[in-house]
Amino acid sequence: MPTTMAPRIRTLPELLRRPTPEVAAALVGWRLIHGAVVVRIVETEAYLAQGDAASHSACGRTNRNAAMFLAPGHAYVYLIYGVHHCLNVVTAPEGVGEAVLLRAAEPLTGHSELVLRRGAGVRERDLCRGPGRLCQALGLTRAHDGRALFAGELRLEPPPTDEPRAELLIGPRVGITKSAELPLRFRAARSRFTS
DNA sequence: ATACAGATTGCCT
DNA sequence: GGCAATCTGTATG
């Protein structure tokens with residue numbers, strides 16, 4: 001499996017100027033914050049506007065995926081199988097449907113709140129391991145679809161400057177049936193919190 | 001109008 | 001390992 005180092009990028013606007021696969025790689029290590037909860041992103045996937053049949057934007061804009069066409073830095077939250085929510089960071093310029101799916105994270109603070117939402121019996125490792133679990137743990141739903149992630153209750157923040165860059169494993173995306181060969185999944189090699 | 005598939009998860013055998 | 005849950009969009013009649 002090919003590896004690389006997560007690029008160190010200091011601000012969200014700077015991050016979002018990059019091509020979507022690079023955004024996906026660089027987001028590993030970033031903090032996702034919702035209220036008092038802070039988690040470290042350890043696994044992401046890129047979904048592209050061109051040549052990617054698995055992307056929700058592949059068939060054009062619909063009511064469900066409209067947020068994917070917003071300006072970069074917005075949230076695209078959708079419901080999968082009518083059951084679980086998944087959170088994406090919108091990346092490409094407004095009108096172009098590209099996004100990065102946040103697939104797994106390591107809990108940092110707000111542990112009790114995560115356990116409250118996920119259930120008392122859930123192991124630490126499983127609190128945010130998987131896109132549906134991540135959204136459940138953070139209390140994210142369609143109500144958060146289309147929100148900006150620059151500031152406010154729900155936001156992204158860069159890793160502390162003294163934190164070492166993550167070594168990334170690059171491979172095919174999980175759980176898709178179309179365009180399954182593209183190497184658009186990025187996960188922290190050392191983390192035990194990936195899916 | 002009905003049928004089916006899907007960027008998932010948890011419970012069942 | 002199998003399968004149900006149950007929303008949204010697409011394909012087909």
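Throughout, protein chains are lettered first and strands after them, A, B, ... in sequence-line order, and every chain is numbered starting at 1. Basis for what follows: all heavy atoms, side chains included, without hydrogens, waters or symmetry-related copies.
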For DNA chain B, whose closest nucleotide is more 5', that of G82(A) or that of G130(A)?
G82(A)
With DNA chain B as reference, determine whether T177(A) or V122(A) sits nearer its 5' end, using the nearest nucleotide of each.
T177(A)
Atom-pair distance (CZ on R103(A); P on dA7(B)), nearest Å:
11 Å
Distance, rounded to the nearest Å, where Y78(A) contributes OH and dT8(B) contributes C1':
8 Å
Write down the distance between NE2 (H85(A)) and C1' (dA5(C)), rounded to a whole number of angstrom.
13 Å
I need the CG-P distance between D126(A) and dT9(B), as an integer number of Å.
10 Å
Please pick, from dG10(B), dT6(C), dG6(B), the nucleotide with the shortest atom-to-atom distance to any side-chain atom of Q136(A).
dG10(B)
If only side-chain N and O atoms of H84(A) are considered, is one of them under 4.0 Å from the OP1 or OP2 phosphate oxygen of dT9(B)?
no
If the threshold is 4.0 Å, N to carboxylate O, is there a salt bridge linking R8(A) and E14(A)?
no
Test: R173(A) cationic atom under 6.0 Å from F186(A) six-membered ring centre, within 45° of axis:
no
Separation of the P atoms in dC3(C) and dC4(B), to the nearest angstrom
16 Å
Please tell me which of the listed nucleotides, dT10(C), dT9(B), dA7(B), lies nearest to the side chain of R133(A)?
dT9(B)
Interatomic distance where CG belongs to L79(A) and P belongs to dC7(C) [whole Å]:
8 Å
Which nucleotide wins on minimum distance to the side chain of R118(A), given the candidates dG10(B), dA7(B), dT8(B)?
dG10(B)
Whole-Å gap separating C1' (dT8(B)) and CD (E43(A)):
13 Å
Would you please indicate yes or no on a ring centroid separation below 6.0 angstrom for H56(A) and Y47(A)?
no
As a test of reading the structure: which of dA7(B), dT8(C), dT10(C) is closest to the side chain of S55(A), going by heavy atoms?
dA7(B)
Which of the following nucleotides, dG9(C), dC7(C), dA5(C), is nearest to the side chain of N63(A)?
dG9(C)
T62(A) side-chain N/O to dT8(C) phosphate OP1/OP2 under 4.0 Å
no
Interatomic distance, L134(A) CG vs dA7(B) P [rounded to whole Å]:
18 Å
Are the ring of Y81(A) and the six-membered base ring of dG6(B) within the stacking cut-offs of under 5.5 Å and under 30°?
no
Under 4.0 Å: is that the gap between some side-chain N or O of R142(A) and OP1 or OP2 of dT8(C)?
no
Are any side-chain N or O atoms of T4(A) and backbone N or O atoms of L168(A), one a donor and one an acceptor, separated by less than 3.5 Å?
no
Main-chain N/O of A99(A) paired with N88(A) side-chain donor or acceptor, under 3.5 Å
no
Ring centroid separation for H144(A) and H85(A), is it under 6.0 angstrom?
no
Return the pairing partner of dA5(C) with a 3.5 Å limit on both distances, Watson-Crick or G-U wobble; otherwise return none.
dT8(B)
Distance, rounded to the nearest Å, where K178(A) contributes NZ and dA7(B) contributes P
7 Å
C1' atom, dG1(C) versus dA7(B): distance in rounded Å?
22 Å
